[in-house]
Amino acid sequence: MNGSGHDHGHEHGHEHGHEHGHDHDHDHQHPNQPDLEDAPLGYYAAMTEAVAELMIEKGIFTADALRETIDFMASRSPAQGAKLVARAWSDPAFKDRLIKDSRAAAAELDIDTGPAPLLVMENTPTTHNVIVCTLCSCYPVFLIGKSPDWYKSRNYRSRVVRDPRAVLAEFGTAIEAARDVRVHDSTADMRYMVLPLRPEGTDGWGEQALADIITRDSLIGVTEVSKPA
Amino acid sequence: MRVREAFPMGHVRTPHYCRGHVGEVERLCGIFPNPEELAYGRVPQAPLPLYRVRFRQRDLWPDYPGPERDSVEIELYEHWLESVR
């Protein structure tokens, strides 16, 4: 339902901490989490099911092909984007190729950037980039995986384009005034990924070690990459 | 370029917040089918050039609280752009 895990709908007899890993004794019963079917089937969910079933019935594609596609999309994760960034940080010529033609550069690492052209936006000491889709929720799924719910929220979509520095601050990201903030609104046929700045103190690190510190949020541009303490 | 200040019905990819505003073409992205036709399964018309247009935040939002050089880049199809020269 709301996914917060805090909407219990009953009074608690005690102060409820924010972590749910508590192990104290309960003197009351928590209701079970609602089952999927407890919420009404929405229009789009019903339509999706119906269209998929029709396509399969008409032989336009098979159930297996549909499942394979869904599985492939589900297998995407920020690891793909992180691998590209780690290589770009390690090899300036690769970085240039990635910015110029991301599809060809990613193919060098056997990574598929997906059907839509993908533009890699490089953060520099003078510019910080951040991605949004104000019209819907376009997102570089092939390189970062499924988008987080906040990316699809009206809150993020309407505010990051209007007052990006305030939104970034909510992610703990302070961009100094001398650095330009550039918002990329994915309104049409392009997809975007941010190439974050390489953090200081990572000279000599291997690509895997670099990839390990690159986060999904830094590839969207709401955070920067920092070296773990 | 200035974005047309028009409000047609249908599947339009031009965000309201940039309509009527002036920006600079950052690059040509390529030639793509018009989503305003594509969305309704119409026979595709001639594909359109798609541009990335950079707007200064302060031009879009007069009360923008950030620095002057902050910007937004938006993909816009050619038929939404008018020359201001």
Side-chain angles (χ1 to χ4, degrees), chain A residues 51 99-103 115-140 154 157-170 173-194 221, chain B residues 1 3-4 7-8 10-19 21 23-39 41 44 47-81:
Chain A
V51 171
I99 290 167
K100 210 169 164 192
D101 182 351
S102 64
R103 184 184 303 283
L118 183 109
L119 300 179
V120 174
M121 294 298 167
E122 184 187 12
N123 283 350
T124 67
T126 55
T127 304
H128 179 88
N129 297 284
V130 58
I131 295 164
V132 63
C133 173
T134 57
L135 297 179
C136 48
S137 56
C138 299
Y139 188 77
R154 195 165 56 225
R157 285 158 48 222
S158 60
R159 291 177 59 239
V160 78
V161 76
R162 176 82 176 77
D163 191 2
R165 288 174 187 267
V167 174
L168 292 176
E170 289 164 15
T173 306
I175 305 297
E176 50 190 299
R179 237 178 129 201
D180 304 347
V181 168
R182 186 170 296 154
V183 180
H184 299 273
D185 191 353
S186 325
T187 47
D189 290 284
M190 305 289 123
R191 297 294 176 269
Y192 301 88
M193 185 181 81
V194 173
Chain B
M1 296 297 216
V3 184
R4 271 172 52 215
F7 300 92
H11 181 86
V12 174
R13 298 283 187 89
T14 305
H16 279 238
Y17 70 84
C18 71
R19 295 187 196 176
H21 290 278
E24 271 181 30
V25 172
E26 188 262 344
R27 73 175 82 175
L28 170 66
C29 298
I31 310 288
F32 293 89
N34 183 356
E36 293 163 28
E37 300 286 334
L38 200 63
L48 294 169
L50 175 67
Y51 297 94
R52 291 179 52 70
V53 182
R54 183 178 298 172
F55 299 87
R56 289 181 349 146
Q57 287 277 22
R58 289 199 178 169
D59 289 341
L60 296 177
W61 322 103
D63 60 345
Y64 182 72
E68 200 179 343
R69 290 169 48 86
D70 284 0
S71 58
V72 183
E73 291 185 7
I74 308 174
E75 292 161 47
L76 297 166
Y77 297 91
E78 192 174 64
H79 67 299
W80 275 94
L81 300 174

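Atoms considered below: every heavy atom in the structure, side chains included; atoms not considered: hydrogens, waters and symmetry mates. Proteins get letters first, then strands, A, B, ... in listed order; numbering begins at 1 in each. For clarity, every value in this text was computed on a predicted model and none was experimentally measured.
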Worksheet item: Can you tell which of A:Ala166, A:Pro164, A:Ser186 has the highest number of heavy-atom pairs within less than 4.5 Å of chain B?
Response: A:Pro164

Worksheet entry | Check: A:Val183 and B:Phe55 side chains under 4.5 Å, non-hydrogen atoms | no

Practice prompt. Supply the atom-to-atom distance A:Arg182 CZ to B:Glu26 CD, rounded to the nearest 0.5 angstrom.
Written response: 7.0 Å

Practice prompt. Measure from the side-chain N and O atoms of A:Thr187 to the backbone N and O of B:Glu75, and report whether any donor-acceptor pair falls under 3.5 Å.
Written response: yes

Worksheet item: Side chain, backbone, both or neither: which part of A:Ile175 has an atom under 4.5 Å from a heavy atom of chain B?
Response: neither

Worksheet item: Which residue out of B:Leu76, B:Val72, B:Leu60, B:Thr14 racks up the most heavy-atom pairs below 4.5 Å with chain A?
Response: B:Val72

Discussion item. Can you tell me which portion of A:Arg179 sits under 4.5 Å from chain B's heavy atoms? Options are side chain, backbone, both or neither.
Written reply: backbone

Fill in: Heavy atoms from other residues, nucleotides or ligands near CD of B:Glu24 exceed 12 (cutoff 6.0 Å)
no

Discussion item. Could you tell me if the side chain of B:Asp63 sits less than 4.5 Å from the side chain of A:Arg162, heavy atoms only?
Written reply: yes

Worksheet item: Any side-chain heavy atom of A:Asp189 within less than 4.5 Å of one from B:Cys29?
Response: no

Item to complete: Please look at B:Arg56 and chain A and tell me whether the side chain, the backbone, both or neither of the residue comes under 4.5 angstrom of a heavy atom of that chain.
Response: neither

Worksheet item: Looking at side-chain heavy atoms only, is the closest gap between B:Pro65 and A:Asp163 below 4.5 Å?
Response: yes

Fill in: Heavy-atom pair with the smallest gap, counting every atom of B:Asp70 and A:Val181
OD1-N, 2.9 Å

Practice prompt. Go through B:Phe32, B:Tyr77, B:Trp61, B:Tyr17 and name the one with the most non-hydrogen pairs under 4.5 angstrom from chain A.
Written response: B:Trp61

Discussion item. What residues of residues 120-136 of chain A make heavy-atom contacts with chain B at a cutoff under 4.5 angstrom?
Written reply: A:Met121, A:Thr134, A:Leu135

Fill in: Under 4.5 Å from a heavy atom of chain A, the part of B:Ile74 involved
both

Discussion item. Can you tell whether the side chains of B:Arg13 and A:Asp185 come within less than 4.0 Å, N to carboxylate O?
Written reply: no

Practice prompt. Against chain A, work out which of B:Glu68, B:His16, B:Gln57 has the most heavy-atom pairs shorter than 4.5 Å and name it.
Written response: B:Gln57

Worksheet item: So, for B:Pro67 and A:Ala177, which heavy atoms are closest and what is the spacing to 0.1 Å?
Response: CG-O, 3.4 Å

Worksheet item: Checking heavy atoms, do the side chain of B:Val53, its backbone, both or neither come under 4.5 Å from chain A?
Response: neither

Fill in: 4.5 Å side-chain heavy-atom contact, A:Leu119 and B:Arg52
yes

